[in-house]
Amino acid sequence: MATVNLWAKDGYLSTPDGNSVYFWGFSAEPGGPAQLPGPHIVAREGEAITVNLVNTLESEPVSISSSGQTNVTAGGRPVGPQYGPGGELVSFVDHAEPGGGTVSYSFTPTHPGTFLYESGTYPHKQVPMGLYGALIVRPSDYDPAIPAYKTAYGFGTDTEFDREYVLITGEIDPGLHQAVEQGWPYRISKFKPRYWTLNGRCAPDTMFHDDVPYLPCQPYGAMVMGVPGERILMRYIGAGIENHPLHPHGQHARVVAQDGRLLRNGGTDCSFKRFTVLVGAGQTYDLMYQWSGLGYTLRSPIPTTLPNRRNMGIGEAGWTMWSGSPYLGVKGDIPVGVVSFNEFGEYYFMLHSHEEPQITNWGEFPGGMMTMIGIYPSLNPRVGTLGMG
Ligand SMILES: [Cu+2]
């Protein structure tokens, strides 16, 4: 039986404009930092899994619920709603009391797919505060060593993939987070997000690698990478309380599943192509992105041609491609040792929320719910694999 241990903690998020935001999140280690989103949980269809939760928060109980999972038990009994002393609803499922309380959930996923897990306790508060993560259920016949069995939904479902990426949407209202930190009243009616996140990060941090040391509480990057012709599985998860129209440039994506259910009715393929998918709060979508632009494919890869250096202006040239500065409009020399511009011949396509105010960081464009898809002539096979499971 698979076992996952999670600790609910508090911490501070980093945003690209230099802000620091108090948040609550799950950690996979008793001594590790809270993280946004929580650790990916990778389970397998038909195999029992136990999720142990320790609540180190001092102020309120925490629980974990996952839409789409059935027959969940805690302590051997079916989970049920929890009420406070005045009869008010506190949690949708059994919770762990504050100050080190524990709860242990067990269930057996009956379907493969992409799911959200989140706190079921005061969810209008604890979910925006960051207590959410991804639950990936592999099909029972999943075998990454055999291409026909390296699928999202099982052999023969036309969901084989070469690489996979989880993209979890969220929003941050720093005012409400500060209210929680200071113990002020939490008024969801005042909800006004200033940051929009993919995997807990705002652009341009979304494009950094996993586990960069300067984002200790935001370990997951959101950059999608592949080579022409590869089947790139993108798992969208709407963890926040807003809806987000996500749009990849470069190629339409094929929606193969919704809310952890394959879009197939008997033998009829019900998948469909879209250039924008509205990821609703609490919803998940599985999309297949297969870039074949300019005639490049797996058999006909992008040629790696070095650009003529005379065609790349720098600094004083006056028509700078990139000035060497992280800020737009300020010129400087490129860093010592940097000698190349796109010399791999890769192509980049934006992937972003089409609700354009969401691609800002507190009003500054670009930022927020935006990342890039990089299509390369070749790429390490370990890129685009999920760490756990
Ligand atoms: Cu666009």
Side-chain angles (χ1 to χ4, degrees), residues 15-17 114 161 163-172 193-208 220-258 271-281 283-296 302 321-322 326-329 341-342 344-376 379 383-384:
T15 61
D17 54 355
T114 303
F161 62 88
R163 302 178 199 270
E164 64 180 320
Y165 297 90
V166 175
L167 295 175
I168 310 180
T169 63
E171 316 88 28
I172 296 170
R194 304 291 186 171
Y195 300 105
W196 291 267
T197 57
L198 287 172
N199 295 345
R201 298 184 185 181
C202 308
D205 291 349
T206 48
M207 290 167 259
F208 294 152
Y220 296 125
M223 179 96 181
V224 175
M225 292 173 273
V227 306
E230 278 187 336
R231 290 164 66 105
I232 301 172
L233 174 66
M234 301 194 296
R235 301 177 183 268
Y236 291 171
I237 300 177
I241 57 179
E242 288 188 333
N243 308 320
H244 304 285
L246 292 188
H247 164 57
H249 290 204
Q251 194 87 36
H252 289 10
R254 186 164 63 90
V255 181
V256 298
Q258 186 175 340
S271 68
F272 54 89
K273 282 193 171 177
R274 286 287 185 277
F275 65 83
T276 300
V277 171
L278 182 63
V279 183
Q283 288 190 309
T284 75
Y285 284 90
D286 294 311
L287 292 87
M288 203 62 74
Y289 185 89
Q290 194 172 16
W291 190 79
S292 56
L294 304 174
Y296 299 133
I302 301 171
M321 284 171 53
W322 179 56
Y327 304 101
L328 292 173
F341 277 121
N342 193 24
F344 297 112
E346 73 272 32
Y347 292 86
Y348 290 111
F349 304 101
M350 194 188 272
L351 190 165
H352 66 102
S353 170
H354 249 168
E355 193 167 322
E356 312 284 343
Q358 298 177 352
I359 52 175
T360 59
N361 297 325
W362 209 309
E364 292 293 330
F365 171 88
M369 194 169 284
M370 189 258 280
T371 185
M372 289 283 175
I373 300 172
I375 302 293
Y376 300 84
L379 195 61
V383 173

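Just follow the structure's listing: the first ligand is 1, and inside any ligand the first atom is 1. Heavy-atom basis, side chains included; hydrogens, waters and symmetry copies ignored. Counting from 1, the numbers follow the sequence of the chain as shown.
The line from OH of Y195 to CG of D17 is 3.5 Å long, rounded to the nearest 0.5 Å.
Side-chain contact annotation: W196 with E355, donor-acceptor N/O pair under 3.5 Å absent.
Listed by chain and number, the residues in a salt bridge (charged side-chain N to carboxylate O under 4.0 Å, His left out) with E230 are R163 (sequence neighbours excluded).
Excluding water, every protein N/O/S atom under 2.8 Å from the Cu ion (ligand 1) is given here by residue and atom: H249 NE2, H352 NE2.
Although no hydrogens or angles enter the test, the distance criterion places no donor-acceptor pair under 3.5 Å between the side chain of T114 and the main chain of T284.
Each of I237, V255, L167 was compared with Y285 under the side-chain contact (heavy atoms from CB on, under 4.5 Å) criterion, and only V255 meets it.
Ring pair F349/Y347 is parallel by interplanar angle, where below 30° counts as parallel and above 60° as perpendicular.
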